[in-house]
Amino acid sequence: MDKRLRYLAALRYFEVAARYQSYSRAADELCVSQAAVSQTIRRLEEDLACKLFVRKGRHMVLTAKGETLLCHVSKSFEQVLSGLNKIQNEPLEGLLKVSAPPSFASRWLLPRLWKFSLMHPGIPIRIITTCEALDIQHGEVDVAIWQGEQFTSVDGIRQELLLEEAIYPYCSPTLAQSLQFTQPSQLLDCWLIHFENSEIEWSKWFEQAGIIMDKQAIQWMEVGTFDMAMSAVIAGHGACLASDSITADFIERGLLVKPFDLPLSPGIQFHLFTLDESARRERINAFTTWLKNEINQHGVMA
(Lines give C-alpha, C1' and ligand atoms only; values in the text may rest on other atoms or scores of the structure.)
Protein backbone atom coordinates (compact mmCIF):
# COMPACT_ATOMS: atom_id res chain seq x y z
CA MET A 1 0.00 0.00 0.00
CA ASP A 2 1.24 3.47 -0.88
CA LYS A 3 2.89 5.03 2.16
CA ARG A 4 1.34 8.41 1.28
CA LEU A 5 -1.98 7.15 2.63
CA ARG A 6 -0.62 8.07 6.04
CA TYR A 7 -1.52 11.63 5.05
CA LEU A 8 -5.27 10.85 5.20
CA ALA A 9 -5.86 12.68 8.49
CA ALA A 10 -3.98 15.74 7.25
CA LEU A 11 -5.89 15.64 3.96
CA ARG A 12 -9.11 15.95 5.94
CA TYR A 13 -7.77 19.18 7.49
CA PHE A 14 -6.70 20.33 4.02
CA GLU A 15 -10.13 19.66 2.47
CA VAL A 16 -12.02 21.59 5.14
CA ALA A 17 -9.59 24.53 5.07
CA ALA A 18 -9.79 24.66 1.27
CA ARG A 19 -13.58 24.58 1.33
CA TYR A 20 -13.79 27.56 3.71
CA GLN A 21 -10.60 29.33 2.57
CA SER A 22 -10.03 29.83 6.27
CA TYR A 23 -8.07 28.00 8.95
CA SER A 24 -10.26 29.40 11.73
CA ARG A 25 -13.52 28.18 10.14
CA ALA A 26 -11.90 24.83 9.42
CA ALA A 27 -10.91 24.61 13.08
CA ASP A 28 -14.54 25.21 14.09
CA GLU A 29 -15.80 22.33 11.93
CA LEU A 30 -13.01 19.99 13.03
CA CYS A 31 -13.37 20.97 16.71
CA VAL A 32 -9.67 21.73 17.05
CA SER A 33 -7.64 24.91 17.45
CA GLN A 34 -6.65 27.14 14.57
CA ALA A 35 -3.03 26.44 15.43
CA ALA A 36 -3.63 22.70 15.02
CA VAL A 37 -5.03 23.26 11.53
CA SER A 38 -2.15 25.55 10.57
CA GLN A 39 0.51 23.14 11.89
CA THR A 40 -1.09 20.10 10.25
CA ILE A 41 -1.25 21.76 6.84
CA ARG A 42 2.30 23.10 7.17
CA ARG A 43 3.57 19.57 7.90
CA LEU A 44 1.57 18.25 4.94
CA GLU A 45 3.15 20.87 2.67
CA GLU A 46 6.60 19.91 3.94
CA ASP A 47 5.96 16.20 3.37
CA LEU A 48 4.61 16.82 -0.13
CA ALA A 49 7.35 19.37 -0.88
CA CYS A 50 4.92 21.89 -2.34
CA LYS A 51 2.89 24.90 -1.26
CA LEU A 52 -0.87 24.28 -1.02
CA PHE A 53 -2.12 27.65 0.28
CA VAL A 54 -1.13 31.30 0.03
CA ARG A 55 -2.63 34.05 2.15
CA LYS A 56 -4.57 36.80 0.38
CA GLY A 57 -6.02 39.28 2.84
CA ARG A 58 -8.17 37.33 5.30
CA HIS A 59 -8.42 34.24 3.09
CA MET A 60 -6.21 31.21 2.54
CA VAL A 61 -6.26 30.71 -1.23
CA LEU A 62 -5.25 27.48 -2.93
CA THR A 63 -2.21 27.37 -5.17
CA ALA A 64 -2.42 25.61 -8.54
CA LYS A 65 -1.14 22.39 -6.94
CA GLY A 66 -3.57 22.86 -4.07
CA GLU A 67 -6.46 23.14 -6.57
CA THR A 68 -5.38 19.90 -8.24
CA LEU A 69 -5.13 18.07 -4.92
CA LEU A 70 -8.49 19.39 -3.71
CA CYS A 71 -10.27 18.16 -6.83
CA HIS A 72 -9.16 14.58 -6.19
CA VAL A 73 -9.44 14.68 -2.40
CA SER A 74 -13.01 16.02 -2.50
CA LYS A 75 -14.15 13.34 -4.93
CA SER A 76 -12.49 10.64 -2.85
CA PHE A 77 -14.09 11.79 0.41
CA GLU A 78 -17.49 11.99 -1.27
CA GLN A 79 -17.13 8.40 -2.47
CA VAL A 80 -16.15 7.26 1.02
CA LEU A 81 -19.13 9.05 2.57
CA SER A 82 -21.44 7.62 -0.07
CA GLY A 83 -20.24 4.12 0.77
CA LEU A 84 -20.64 4.68 4.51
CA ASN A 85 -24.16 6.05 4.03
CA LYS A 86 -25.14 2.99 2.04
CA ILE A 87 -24.09 0.57 4.75
CA GLN A 88 -24.73 2.65 7.89
CA ASN A 89 -27.85 4.78 8.34
CA GLU A 90 -28.55 6.77 11.48
CA PRO A 91 -31.76 6.02 13.40
CA LEU A 92 -34.91 8.11 13.08
CA GLU A 93 -34.22 9.86 16.40
CA GLY A 94 -31.47 12.45 16.49
CA LEU A 95 -30.56 16.04 15.61
CA LEU A 96 -31.69 17.49 12.26
CA LYS A 97 -30.13 20.69 10.92
CA VAL A 98 -32.45 22.82 8.79
CA SER A 99 -31.46 26.05 7.06
CA ALA A 100 -33.97 28.63 5.84
CA PRO A 101 -34.07 32.33 4.93
CA PRO A 102 -34.51 34.42 8.11
CA SER A 103 -37.97 35.72 7.26
CA PHE A 104 -39.35 32.33 6.18
CA ALA A 105 -37.96 30.76 9.34
CA SER A 106 -39.31 33.37 11.75
CA ARG A 107 -42.62 34.16 10.03
CA TRP A 108 -43.67 30.74 8.70
CA LEU A 109 -41.58 27.79 9.91
CA LEU A 110 -40.98 28.47 13.61
CA PRO A 111 -44.64 29.26 14.48
CA ARG A 112 -45.59 25.80 13.11
CA LEU A 113 -42.60 23.73 14.21
CA TRP A 114 -44.27 22.67 17.46
CA LYS A 115 -46.55 20.42 15.40
CA PHE A 116 -43.57 18.47 14.08
CA SER A 117 -42.06 18.26 17.58
CA LEU A 118 -45.27 16.74 18.92
CA MET A 119 -45.19 14.11 16.17
CA HIS A 120 -41.45 13.40 16.51
CA PRO A 121 -40.21 14.38 19.99
CA GLY A 122 -37.01 12.41 19.39
CA ILE A 123 -35.92 14.67 16.51
CA PRO A 124 -34.68 18.02 17.84
CA ILE A 125 -34.43 20.65 15.09
CA ARG A 126 -31.57 23.12 14.83
CA ILE A 127 -32.70 26.07 12.67
CA ILE A 128 -29.94 27.91 10.81
CA THR A 129 -31.19 31.21 9.42
CA THR A 130 -29.22 32.41 6.44
CA CYS A 131 -29.62 33.76 2.93
CA GLU A 132 -26.36 32.13 1.91
CA ALA A 133 -26.07 28.69 0.33
CA LEU A 134 -24.87 26.03 2.78
CA ASP A 135 -22.96 22.85 2.03
CA ILE A 136 -25.33 19.87 2.25
CA GLN A 137 -22.78 17.42 0.89
CA HIS A 138 -20.40 18.00 3.78
CA GLY A 139 -22.94 18.02 6.59
CA GLU A 140 -23.37 21.73 7.31
CA VAL A 141 -27.13 21.15 7.03
CA ASP A 142 -29.46 18.21 6.36
CA VAL A 143 -32.35 20.16 4.84
CA ALA A 144 -32.00 23.50 3.06
CA ILE A 145 -34.90 25.77 2.16
CA TRP A 146 -33.71 28.19 -0.49
CA GLN A 147 -35.48 31.34 -1.61
CA GLY A 148 -35.37 32.17 -5.30
CA GLU A 149 -34.53 30.43 -8.54
CA GLN A 150 -30.79 30.96 -8.78
CA PHE A 151 -29.17 27.67 -7.82
CA THR A 152 -26.77 25.26 -9.46
CA SER A 153 -27.74 21.64 -10.03
CA VAL A 154 -25.41 19.24 -8.18
CA ASP A 155 -25.31 15.47 -8.56
CA GLY A 156 -26.72 13.72 -5.52
CA ILE A 157 -28.66 16.75 -4.31
CA ARG A 158 -32.45 16.45 -4.56
CA GLN A 159 -34.15 19.72 -5.54
CA GLU A 160 -37.89 20.30 -5.21
CA LEU A 161 -40.19 23.30 -5.52
CA LEU A 162 -41.64 23.69 -2.04
CA LEU A 163 -43.77 26.82 -2.29
CA GLU A 164 -44.56 29.60 -4.74
CA GLU A 165 -46.38 32.76 -3.71
CA ALA A 166 -47.60 35.90 -5.40
CA ILE A 167 -46.36 39.24 -4.09
CA TYR A 168 -48.62 42.14 -3.02
CA PRO A 169 -48.13 45.68 -1.70
CA TYR A 170 -48.70 46.24 2.04
CA CYS A 171 -48.87 49.32 4.24
CA SER A 172 -50.11 50.34 7.67
CA PRO A 173 -53.84 50.99 8.24
CA THR A 174 -52.96 54.57 9.24
CA LEU A 175 -51.23 55.25 5.94
CA ALA A 176 -54.05 53.63 3.97
CA GLN A 177 -56.61 55.76 5.79
CA SER A 178 -54.69 59.00 5.32
CA LEU A 179 -54.15 58.52 1.59
CA GLN A 180 -57.55 56.96 0.85
CA PHE A 181 -56.16 54.65 -1.83
CA THR A 182 -58.28 54.32 -4.96
CA GLN A 183 -55.62 53.99 -7.69
CA PRO A 184 -52.37 51.96 -7.64
CA SER A 185 -50.52 55.02 -8.93
CA GLN A 186 -51.03 56.65 -5.52
CA LEU A 187 -48.31 54.36 -4.15
CA LEU A 188 -45.83 56.43 -6.13
CA ASP A 189 -46.44 59.19 -3.58
CA CYS A 190 -45.38 56.95 -0.66
CA TRP A 191 -41.98 55.93 0.58
CA LEU A 192 -41.33 52.61 -1.17
CA ILE A 193 -39.46 50.13 1.00
CA HIS A 194 -37.12 47.95 -1.04
CA PHE A 195 -35.18 44.94 0.21
CA GLU A 196 -32.22 43.21 -1.34
CA ASN A 197 -33.98 40.66 -3.53
CA SER A 198 -33.84 40.97 -7.31
CA GLU A 199 -36.99 38.88 -7.74
CA ILE A 200 -39.22 41.28 -5.79
CA GLU A 201 -39.05 44.72 -7.33
CA TRP A 202 -41.46 47.61 -7.24
CA SER A 203 -40.73 48.34 -10.90
CA LYS A 204 -42.09 44.90 -11.85
CA TRP A 205 -45.23 45.38 -9.75
CA PHE A 206 -45.95 48.81 -11.26
CA GLU A 207 -45.32 47.43 -14.75
CA GLN A 208 -47.90 44.68 -14.22
CA ALA A 209 -50.29 47.31 -12.87
CA GLY A 210 -49.83 49.32 -16.09
CA ILE A 211 -48.04 52.22 -14.39
CA ILE A 212 -44.77 53.88 -15.42
CA MET A 213 -42.42 54.29 -12.48
CA ASP A 214 -39.73 56.95 -12.62
CA LYS A 215 -37.08 55.82 -10.14
CA GLN A 216 -35.60 59.31 -10.00
CA ALA A 217 -38.88 60.85 -8.86
CA ILE A 218 -39.82 58.53 -5.98
CA GLN A 219 -38.71 58.17 -2.39
CA TRP A 220 -36.86 54.95 -1.51
CA MET A 221 -35.61 53.21 1.58
CA GLU A 222 -33.56 50.04 1.16
CA VAL A 223 -33.31 47.38 3.88
CA GLY A 224 -31.75 43.93 4.06
CA THR A 225 -34.63 41.58 4.89
CA PHE A 226 -38.39 41.13 4.89
CA ASP A 227 -38.46 41.56 8.67
CA MET A 228 -36.80 44.97 8.49
CA ALA A 229 -39.20 46.03 5.75
CA MET A 230 -42.18 44.87 7.82
CA SER A 231 -40.99 46.84 10.85
CA ALA A 232 -40.66 50.01 8.80
CA VAL A 233 -44.07 49.62 7.18
CA ILE A 234 -45.88 48.77 10.43
CA ALA A 235 -44.41 51.96 11.87
CA GLY A 236 -46.12 53.84 9.02
CA HIS A 237 -43.00 54.44 6.96
CA GLY A 238 -44.33 53.77 3.47
CA ALA A 239 -45.25 50.53 1.69
CA CYS A 240 -43.44 47.35 0.76
CA LEU A 241 -43.93 44.23 -1.32
CA ALA A 242 -44.28 40.91 0.49
CA SER A 243 -46.05 37.55 0.42
CA ASP A 244 -49.03 36.25 2.38
CA SER A 245 -46.90 33.85 4.41
CA ILE A 246 -44.79 36.72 5.73
CA THR A 247 -47.67 39.08 6.51
CA ALA A 248 -50.55 36.76 7.54
CA ASP A 249 -50.54 37.36 11.31
CA PHE A 250 -49.81 41.09 10.86
CA ILE A 251 -52.99 41.32 8.78
CA GLU A 252 -54.97 39.38 11.40
CA ARG A 253 -53.71 41.68 14.18
CA GLY A 254 -54.64 44.80 12.22
CA LEU A 255 -51.04 45.99 11.80
CA LEU A 256 -50.98 45.77 8.01
CA VAL A 257 -53.44 46.10 5.16
CA LYS A 258 -53.26 45.22 1.48
CA PRO A 259 -54.27 48.45 -0.31
CA PHE A 260 -54.59 46.74 -3.70
CA ASP A 261 -55.28 43.10 -4.47
CA LEU A 262 -52.96 43.20 -7.48
CA PRO A 263 -50.40 40.37 -7.35
CA LEU A 264 -46.92 40.34 -8.81
CA SER A 265 -46.86 36.94 -10.46
CA PRO A 266 -44.78 34.88 -10.68
CA GLY A 267 -43.75 36.06 -7.27
CA ILE A 268 -41.37 34.28 -4.94
CA GLN A 269 -40.31 30.64 -4.88
CA PHE A 270 -38.91 28.45 -2.12
CA HIS A 271 -37.04 25.28 -3.05
CA LEU A 272 -36.18 22.29 -0.88
CA PHE A 273 -32.73 20.69 -1.03
CA THR A 274 -31.67 17.38 0.54
CA LEU A 275 -28.87 14.86 0.02
CA ASP A 276 -30.05 11.66 -1.65
CA GLU A 277 -27.61 9.40 0.18
CA SER A 278 -27.59 11.10 3.58
CA ALA A 279 -27.14 8.85 6.58
CA ARG A 280 -29.99 10.83 8.16
CA ARG A 281 -32.38 10.07 5.30
CA GLU A 282 -35.01 8.57 7.63
CA ARG A 283 -35.36 11.70 9.77
CA ILE A 284 -35.00 13.95 6.70
CA ASN A 285 -37.96 12.14 5.12
CA ALA A 286 -39.97 12.57 8.33
CA PHE A 287 -39.36 16.32 8.36
CA THR A 288 -39.87 16.99 4.65
CA THR A 289 -43.06 14.90 4.60
CA TRP A 290 -44.45 16.96 7.50
CA LEU A 291 -43.32 20.20 5.82
CA LYS A 292 -45.06 19.41 2.53
CA ASN A 293 -48.23 18.25 4.29
CA GLU A 294 -48.34 21.46 6.32
CA ILE A 295 -48.19 23.51 3.14
CA ASN A 296 -50.62 21.33 1.19
CA GLN A 297 -53.22 20.95 3.96
CA HIS A 298 -53.14 24.39 5.51
CA GLY A 299 -51.54 26.61 2.92
CA VAL A 300 -49.37 29.59 3.71
CA MET A 301 -52.07 31.34 5.70
CA ALA A 302 -52.51 28.59 8.33
Side-chain angles (χ1 to χ4, degrees), residues 100-109 129-133 144-153 159 161-251 255-273 295 299-301:
S103 298
F104 183 85
S106 63
R107 306 296 309 153
W108 194 92
L109 181 58
T129 55
T130 179
C131 294
E132 302 294 329
I145 299 169
W146 178 262
Q147 178 181 314
E149 298 179 341
Q150 297 180 353
F151 54 85
T152 302
S153 179
Q159 308 172 5
L161 177 62
L162 178 65
L163 174 65
E164 183 170 0
E165 291 189 278
I167 299 298
Y168 298 90
Y170 292 89
C171 68
S172 69
T174 302
L175 181 64
Q177 184 176 7
S178 65
L179 293 181
Q180 295 292 310
F181 288 116
T182 58
Q183 299 294 328
S185 59
Q186 289 176 274
L187 285 170
L188 293 172
D189 298 326
C190 303
W191 278 87
L192 299 181
I193 312 302
H194 173 74
F195 43 87
E196 299 167 0
N197 187 317
S198 60
E199 299 168 64
I200 305 175
E201 298 179 359
W202 274 107
S203 59
K204 294 180 180 179
W205 185 84
F206 280 115
E207 182 181 353
Q208 287 196 8
I211 299 168
I212 298 175
M213 185 187 78
D214 181 1
K215 288 187 176 181
Q216 305 302 318
I218 60 177
Q219 295 176 304
W220 286 91
M221 182 171 75
E222 186 167 317
V223 296
T225 65
F226 269 122
D227 289 335
M228 294 172 67
M230 289 293 98
S231 296
V233 173
I234 289 172
H237 195 77
C240 77
L241 294 170
S243 65
D244 287 337
S245 66
I246 302 298
T247 59
D249 68 325
F250 290 140
I251 294 289
L255 299 174
L256 288 179
V257 295
K258 187 186 295 183
F260 301 102
D261 194 19
L262 297 174
L264 171 60
S265 184
I268 189 171
Q269 293 183 339
F270 294 92
H271 287 82
L272 188 65
F273 293 80
I295 290 174
V300 297
M301 296 292 289

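Closest approach of V223 and A229 over heavy atoms only: CG2-N, 3.7 Å. Across all non-hydrogen atoms, the minimal contact from L187 to L192 is O-CD2, 3.4 Å. The heavy-atom pair separating A105 from A100 by the smallest distance is CB-CB, 4.1 Å. Considering all non-hydrogen atoms of both residues, C190 and F181 come closest at SG-CZ, 3.9 Å. Taking each heavy atom of P169 and L262 in turn, the nearest pair found is CD-O, 3.9 Å. Closest non-hydrogen pair, S185 versus I211, comes out as N-CD1, 3.4 Å.
The structure places CE of M213 at 11.5 Å from NZ of K204, a figure rounded to the nearest 0.5 Å. Separation of atoms CZ (F206) and CD1 (I212) is listed at 12.0 Å; rounding is to 0.5 Å. With rounding to the nearest 0.5 Å, the separation of OG in S103 from CD in Q147 is 7.5 Å. Annotation: the span from Q219 atom CD to L188 atom CG amounts to 11.0 Å, rounded to 0.5 Å. Taking CD of E201 as the start and CG of L264 as the end, the distance is 9.0 Å to the nearest 0.5 Å. A distance of 7.0 Å separates CD1 of I251 from NZ of K258, quoted to the nearest 0.5 Å.
With Q208 contributing its side chain and W205 its backbone, the two residues share no donor-acceptor pair below 3.5 Å. No donor-acceptor pair closer than 3.5 Å links the side chain of W202 to the backbone N or O of C240.
Residue-environment remark: CD (Q183) stays at or below the threshold of 12 foreign heavy atoms within 6.0 Å. Counted within 6.0 Å of CG on L161, heavy atoms from surrounding residues, nucleotides or ligands total more than 12; the atom is thus considered enclosed.
Take S231 and apply the side chain to side chain contact (heavy atoms under 4.5 Å, CB included) test, not counting sequence neighbours, and it matches no residue.
Using a 4.5 Å cut-off on side-chain heavy atoms (C-beta onward), H271 and L162 make no contact. Residues F250 and V233 have side chains not in contact (no heavy-atom distance under 4.5 Å, counting atoms from C-beta outward). Between Q159 and W146, the closest side-chain pair of non-hydrogen atoms is not below 4.5 Å.
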Please evaluate residues L256 and M230 with respect to the criterion side chain to side chain contact (heavy atoms under 4.5 Å, CB included), reporting the C-alpha separation (whole Å), side-chain torsions for both, the decisive distance (0.1 Å), and the verdict. CA-CA 9 Å; L256 288 179; M230 289 293 98; 3.6 Å; yes
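Contacts classified as side chain to side chain donor-acceptor pair (under 3.5 Å) and involving residues 168-179 (residues at least two apart or in different chains) are given here: Y170-D244, Y170-T247.
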